[in-house]
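Since the structure comes first, as structure tokens, the remarks are kept for the end.
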Amino acid sequence: MPELPEVEIAARNLRRWMARRRIGALRADARARRLFRPGTPAALQALAGARFQTLRRIGKNLLLTFAGKSGPLGVWSHLGMTGKWLRRAAGEPAPSASRVELTLDDGAHVHYVDRRMFGRFRLVPGARFDGLSEIAALGPDPLTDGIDAAALRARLAGLRTPIKVALLDQTILAGVGNIQASESLFRAGIDPRRPARTLTGAEVKRLAAAILESIHFTLDDFAAAGADGGGADIGYVEERQTENPFLVYGRPGAPCPRCKKGTIVRMVQAQRATFFCPRCQK
DNA sequence: ACCCGTGTTCGCTG
DNA sequence: TCAGCGAACACGGG
């Protein structure tokens with residue numbers, strides 16, 4: 001269930017698993033049609049025999065490029081709410097809810113797993129990702145591009161919608177999700193209910209810094225839990241046994257970690273949970 | 001049974 | 001034309 005940090009971890013894992021590898025065989029779950037739309041499970045067979053070349057992450061999107069038999073071949077992968085990429089050594093059983101299984105020429109299996117199937121796994125002929133309107137519409141990626149506070153403020157200037165809801169709009173910033181939105185507004189000391197256009201320049205600047213801090217904090221937490229680069233694969237939040245690493249997300253009723261006097265409140269905005277401290281977020 | 005969920009898209013309204 | 005809202009998608013866990 002990924003936001004930018006988890007998708008970044010998936011990207012690093014996939015680059016390591018797939019480097020210089022060729023896809024020997026491919027199996028696609030025929031019941032998972034919606035993941036492949038408008039393509040079909042059968043059409044994915046075009047990937048058989050293709051060699052991995054590069055992987056790019058933009059926000060929560062993974063763009064994989066392969067060298068196919070007749071030219072470049074792209075895959076657009078979005079993990080939705082429950083998508084994840086897992087590796088299994090030769091002989092190991094497939095994970096449950098595996099929707100696509102890539103058998104690599106080193107014998108390993110790479111699975112795209114997605115229980116609820118809100119994700120996407122779409123073949124992109126010629127790897128022409130710039131032809132995808134969904135990708136073209138994305139705003140800047142905080143990790144890759146940084147955040148231009150002035151540009152962000154200009155983007156928020158016309159919006160009556162609450163700042164928390166605006167942060168979930170992928171055309172404003174690509175990759176911020178429900179956790180990072182609550183966490184960064186808490187770090188910036190900004191009330192999530194404020195209409196986006198009422199934020200001052202100084203507040204947007206603070207928010208931009210807070211988004212980057214929160215993303216880096218979450219990535220570091222993953223690295224500590226899974227040792228990225230050390231060779232071990234990194235787990236996903238839902239799988240690991242460790243404590244909730246977040247400041248306010250998922251902590252209704254807890255004392256505020258900043259002011260110590262307020263209590264973290266859970267409310268619902270645009271049908272999504274928001275966590276905040278009403279005492280120190282103004 | 002009921003509510004909840006790290007996401008996005010679609011159709012409706014003003 | 002578009003901002004804003006709520007339903008829908010799909011399925012398991014508490």
Side-chain angles (χ1 to χ4, degrees), chain A residues 1-11 29 31-38 57-62 76-85 95-99 112-122 132-139 142-143 155-186 192-198 211 214-215 217-219 221-222 225 234-253 266-275:
Chain A
M1 300 205 261
E3 299 186 20
L4 190 156
E6 266 182 297
V7 180
E8 173 63 17
I9 293 304
D29 181 351
R31 293 163 308 175
R33 265 197 120 68
R34 77 181 313 277
L35 289 177
F36 312 130
R37 289 183 315 193
R57 181 193 57 75
I58 304 179
K60 303 170 191 173
N61 301 271
L62 296 171
W76 170 27
S77 166
H78 190 294
L79 310 195
M81 289 279 270
T82 53
K84 50 193 167 183
W85 285 90
S96 67
S98 169
R99 307 304 180 187
Y112 176 64
V113 175
D114 195 344
R115 178 162 49 73
R116 286 169 77 181
M117 296 188 287
F118 286 168
R120 263 200 201 94
F121 193 108
R122 188 186 295 184
L132 297 172
S133 58
E134 294 91 338
I135 301 300
L138 294 172
L143 204 56
R155 204 46 229 290
L156 298 175
L159 303 180
R160 222 176 291 260
T161 195
I163 183 59
K164 156 64 165 41
V165 178
L167 286 177
L168 299 180
D169 182 340
Q170 301 297 293
T171 71
I172 294 177
L173 288 176
V176 177
N178 205 39
I179 294 179
Q180 300 299 327
S182 276
E183 292 289 293
S184 56
L185 285 165
F186 174 75
R193 297 167 293 191
R194 294 262 305 278
R197 63 179 181 185
T198 67
I211 291 167
S214 179
I215 287 172
F217 171 85
T218 308
L219 266 174
D221 183 74
F222 276 124
I234 294 172
Y236 290 77
V237 169
E238 67 175 22
E239 289 175 343
R240 53 184 201 178
Q241 312 299 321
T242 56
E243 286 297 300
N244 174 356
F246 303 113
L247 298 172
V248 294
Y249 184 84
R251 299 188 183 279
R266 177 189 183 278
M267 68 176 169
V268 174
Q269 297 178 286
Q271 307 175 90
R272 312 296 305 278
T274 300
F275 299 88

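Every chain is numbered from 1 and lettered A, B, ... according to where its sequence line falls, protein lines coming before strand lines.
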Do we count A:Phe118 as stacking onto B:dT8 if the rule is ring centres under 5.5 Å and planes under 30°? no
Residue-phosphate contact under 4.0 Å: A:Lys60 side-chain N/O, B:dT6 OP1/OP2: no
Take atom C1' in C:dC5 and the same atom in B:dT6, then report the distance between them in whole Å. 22 Å
Among C:dC5, C:dA10, C:dC11, the one nearest A:Arg115 by side-chain distance: C:dC11
Distance in angstrom units between A:Leu79 CG and B:dT6 P, rounded: 15 Å
Measure distances between side-chain N and O atoms of A:Arg116 and base N and O atoms of C:dG12, and say whether any donor-acceptor pair falls under 3.5 Å. no
A:Gln271 or A:Gly158, whichever maps to the more 5' nucleotide of DNA chain C: A:Gly158
How close do A:Phe217 and A:Pro245 get, counting heavy atoms only, and between which atoms? CE2-O, 3.2 Å
Listing time: all N or O pairs from protein to nucleotides 1-4 of chain B that are below 3.5 Å?
none

Protein-nucleotide distance (A:Asp114, atom CG; B:dG7, atom P), rounded to Å: 13 Å
Both distances below 3.5 Å, Watson-Crick or wobble geometry, any strand: find the nucleotide opposite B:dT6. none
In terms of the angle between their ring planes, are A:Phe275 and A:Tyr249 parallel, tilted or perpendicular, with boundaries placed at 30° and 60°? perpendicular
When both distances are under 3.5 Å in a Watson-Crick or G-U wobble arrangement, the nucleotide paired with C:dA10 is none
Quick one: does A:Arg120's side chain get under 4.5 Å of A:Asn61's, heavy atoms only? no
Looking across every strand, which nucleic acid part, if any, lies under 4.0 Å from A:Arg120 by heavy atom: base, sugar-phosphate, or nothing? sugar-phosphate
Mutual orientation of the aromatic rings belonging to A:Phe36 and A:Phe121 [parallel < 30°, tilted 30-60°, perpendicular > 60°]: perpendicular
Taken to the nearest whole Å, CZ/A:Arg37 to P/B:dC10 is 9 Å
For the residue pair A:Met81 and A:Asp114, establish whether any side-chain heavy-atom pair is separated by less than 4.5 Å. no
Just how far, in rounded Å, is P of C:dA3 from CZ of A:Arg197? 12 Å
Do you know which two heavy atoms are closest between A:Ala157 and A:Arg197, and how far apart they sit? O-CB, 2.9 Å
Between C1' on C:dG4 and CG on A:Leu167, what's the gap in Å once rounded to a whole number? 16 Å
Given atom CD of A:Glu134 and atom C1' of B:dG7, what is their separation to the nearest angstrom? 14 Å
Base, sugar-phosphate alone, or nothing: which one does A:Gln170 contact when heavy atoms must sit under 4.0 Å apart? sugar-phosphate
B:dT6 P sits how many Å from A:Trp85 CH2, rounded? 23 Å
Using side-chain contact (heavy atoms from CB on, under 4.5 Å), reason through A:His78 and A:Glu134 one step at a time and then give a plain yes or no. CA-CA 11 Å; A:His78 190 294; A:Glu134 294 91 338; over 6 Å; no
Separation of the P atoms in B:dT8 and C:dG12, to the nearest angstrom: 22 Å
Is the count of non-hydrogen atoms from other residues, nucleotides or ligands lying under 6.0 Å from A:Arg160 atom CZ greater than 12? no
Taking C:dG4, B:dG5, C:dC9 as options, the one with an atom nearest any side-chain atom of A:Arg34 is C:dC9
Over how many whole Å does the gap from A:Asp169 atom CG to B:dC10 atom P extend? 15 Å
Report yes if a side-chain nitrogen or oxygen of A:His78 is closer than 4.0 Å to either non-bridging phosphate oxygen (OP1 or OP2) of B:dT8; otherwise report no. yes
When you check the phosphate oxygens OP1 and OP2 of C:dA10, does a side-chain N or O of A:Arg31 lie under 4.0 Å from one of them? no
